[in-house]
2 protein chains.
Amino acid sequence: MKAKLEDVARLAGVSPTTVSRTMNNRGYVSEATRMKVQNAMEELNYFPNDLARSLFSKRTHLIGLILPTTANPFFAELTFHIENLCAAQGLKVLLCNSLNQIDKEEQYAEMLIRNQVDGIIVGTHNRGISNYKRANLAVVAIDRYLSGTIPVVSSDNYEGGKLATQRLIDRGCQHILHFNGPAELETPAQLRRKAFEDLMQTYGLPHHTYELELPLDRDHQLSVIRRAFDEHPQVDGVFASNDMIAASVIYEAGVRHLSIPDDLKVIGYDGTTIVSSLMPQLTTICQPIEDIARTAIDVLLREIEGEFDGIAYQTILPVKVYDGSTA
Amino acid sequence: MKAKLEDVARLAGVSPTTVSRTMNNRGYVSEATRMKVQNAMEELNYFPNDLARSLFSKRTHLIGLILPTTANPFFAELTFHIENLCAAQGLKVLLCNSLNQIDKEEQYAEMLIRNQVDGIIVGTHNRGISNYKRANLAVVAIDRYLSGTIPVVSSDNYEGGKLATQRLIDRGCQHILHFNGPAELETPAQLRRKAFEDLMQTYGLPHHTYELELPLDRDHQLSVIRRAFDEHPQVDGVFASNDMIAASVIYEAGVRHLSIPDDLKVIGYDGTTIVSSLMPQLTTICQPIEDIARTAIDVLLREIEGEFDGIAYQTILPVKVYDGSTA
DNA sequence: CTGAAAGCGCTTACAG
DNA sequence: CTGAAAGCGCTTACAG
């Protein structure tokens with residue numbers, strides 16, 4: 001059977017209070033009894049029960065992480081960095097893949113509340129928010145506007161959209177297509193689209209945006225891309241709102257015998273390590289994924305500590321172009 | 001303040017016992033009081049505290065997942081499936097990225113024990129095992145031999161190695177190089193290497209295996225690949241033990257103006273959805289990632305339920321070749 | 001059908 | 001320097 005504090009106390013011949021004190025280094029304990037207790041703990045292979053501790057302290061050091069899916073390079077790396085940085089601070093991560101399904105997200109939110117997490121990092125849309133609010137829980141959003149009060153951390157999507165579009169224009173593209181996720185998700189990623197359309201307008205160029213639907217699987221991507229290419233045979237540039245889409249565009253270009261970057265220039269978005277290993281040739285906009293993770297955690301910790309003053313509603317981190325050979 | 005069961009009881013004018021009973025649908029409760037209690041729960045926006053419940057029930061429905069890193073397509077997708085399948089069964093996942101660091105893994109194991117997880121799924125090596133054993137916890141390993149008693153789930157690595165090698169030989173390769181991870185990790189992935197070497201020997205062909213070291217970053221991969229190519233200018237085939245390495249091989253081939261598949265044939269390993277989206281041209285061995293996840297969870301649940309009888313020490317799932325154009 | 005009591009494994013005032 | 005008692009928020013025998 002698992003040893004508990006009482007067992008340690010009995011073996012060491014002291015009270016539970018004393019065991020607790022030596023374990024937590026709180027209050028006075030004589031060196032002699034400290035040794036006795038420590039020996040007893042080792043002998044019984046004792047590990048304190050964090051459930052009991054948390055029940056009393058009302059702190060679980062648990063963080064909920066809600067994302068669409070880790071099976072996507074951007075979120076996979078974001079998850080990695082969040083978990084890593086959390087672990088370094090003694091925080092534990094409960095992972096939730098909502099697949100952008102509203103009902104799942106609400107279930108996850110409730111589950112996290114029941115588990116008394118100290119805070120939640122959300123990278124999905126906003127419907128389940130009612131659950132968060134009612135529990136007046138610490139929440140931080142990554143790249144999503146959940147409400148007027150929940151802090152948002154993102155990279156500079158408008159600037160990223162501008163950089164990508166400018167790059168294509170500078171390289172001589174006249175007929176540029178843009179592929180983006182569903183507008184209904186209300187992500188700041190829509191700013192990439194806005195930047196694209198604004199800049200094209202500024203240059204007096206026609207702009208064409210294609211919206212993808214959920215789920216964002218490859219077959220769906222390809223079907224939209226094919227339609228777009230059919231509708232715009234003059235296309236000479238593509239700005240894809242993520243690297244997976246860019247890869248599909250490049251694939252379809254191959255099928256159509258378009259040479260890249262001569263006939264068609266392609267620029268992606270995200271710039272994960274995974275993609276830069278698999279497709280080092282892809283020109284793309286790099287998001288500072290680790291910084292996003294770090295900032296989100298900082299904001300969340302401040303909320304947890306109750307420092308609501310110093311928290312910016314919005315934190316926007318810089319992006320940069322990765323120079324590949326596709327644009 | 002967060003409402004607790006006692007608040008609900010007070011508002012409904014019943015005892016805590018009755019609230020608990022209606023909440024859990026256990027024992028008799030009259031329809032009238034059931035309604036009163038439910039109304040009170042809604043009014044107070046009550047969510048039960050799972051910490052308290054678990055403290056009593058000794059079941060947390062928490063599963064620990066220890067992996068090298070989710071920032072890698074294979075583990076990213078494995079993590080996705082594991083979390084997804086767990087959620088469908090009411091299990092919650094505590095994520096741990098050990099980065100193959102022994103000390104981290106031990107810390108995670110201890111953390112999971114303190115948090116009273118019902119079980120652990122491990123995809124890393126074996127040193128921290130002492131911690132698992134002592135807590136006599138339910139544990140299942142994915143693709144790692146942790147001890148003679150912990151069940152292992154993996155795909156058929158030997159068969160995968162054979163399929164890959166055979167493919168290259170069938171395509172006429174005479175001088176094949178193999179790249180694999182560090183032997184010290186003692187993974188069944190070493191069976192891929194063994195299969196390669198066995199088969200090459202059977203065909204009377206020379207075999208050359210290069211071992212990569214940790215951390216498996218792209219620069220290190222490329223440096224080993226360059227050395228290998230320098231040492232074997234006659235190379236006409238490469239079997240890489242994962243798709244990331246295969247991608248780097250293809251990259252280096254491009255630098256050396258080797259045409260694929262004419263001058264050099266390359267086959268990878270893992271066959272994730274991510275890689276098949278980004279590099280659909282890559283010929284590779286597909287692991288049944290979702291099946292691995294499902295099987296690991298099944299085994300773990302059986303251990304948790306205490307059915308030690310029906311559990312196979314080893315479950316080996318089939319792999320298959322994905323037909324790309326690189327080999 | 002309902003409630004008072006004890007207990008899950010800890011911690012912290014409060015006494016001494 | 002040390003311990004007895006009460007309590008964290010639940011649940012389940014046990015009575016009635």
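First the proteins, then the strands, lettered A, B, ... as listed; each starts at 1. It should be emphasised that the depicted structure is a prediction, and the values quoted were computed from it without experimental measurement.
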For this session: Quickly, which of B/I120, B/V117, B/V93 forms a side chain to side chain contact (heavy atoms under 4.5 Å, CB included) with B/L62? Name it, please.
Result: B/V117

For this session: Could you tell me whether A/D50 contacts a base, only the sugar-phosphate backbone, or nothing, with contacts defined as non-hydrogen atoms closer than 4.0 Å?
Result: nothing

Exercise. When all nucleic acid strands are considered with a 4.0 Å heavy-atom cut-off, which category describes A/T18: base, sugar-phosphate, or nothing?
Worked result: sugar-phosphate

Exercise. Heavy atoms under 4.0 Å, any strand shown: does B/S57 hit a base, just sugar-phosphate, or nothing?
Worked result: nothing

Problem set entry | Modelled atom types, side-chain donor and acceptor of B/N24 and B/R53, under 3.5 Å | yes

Exercise. When the nearest nucleotide of DNA chain C is assigned to B/T17 and to B/L55 on a heavy-atom basis, which residue is associated with the more 5' position?
Worked result: B/T17

For this session: Please list, in 5' to 3' order, the outermost nucleotides of DNA chain C lying under 4.0 Å from any heavy atom of chain A.
Result: C/dG9 to C/dA13

Exercise. Looking at side-chain heavy atoms only, is the closest gap between A/L112 and A/C96 below 4.5 Å?
Worked result: yes

Seminar exercise, completed: Test side chain to side chain contact (heavy atoms under 4.5 Å, CB included), reference A/L65, set A/I82, A/L78, A/I142, output is A/I82

Problem set entry | Residue mapping more 5' on DNA chain D - nearest nucleotide basis, B/R26 or A/V29 | A/V29

Exercise. Should the pair B/E305-B/R59 be classified as a salt bridge under the 4.0 Å nitrogen-to-oxygen rule?
Worked result: yes

Exercise. Salt bridge between B/D7 and B/R10, side-chain N to carboxylate O under 4.0 Å?
Worked result: yes

Problem set entry | Mate of C/dG3 where both pairing distances stay under 3.5 Å, Watson-Crick or G-U | D/dC14

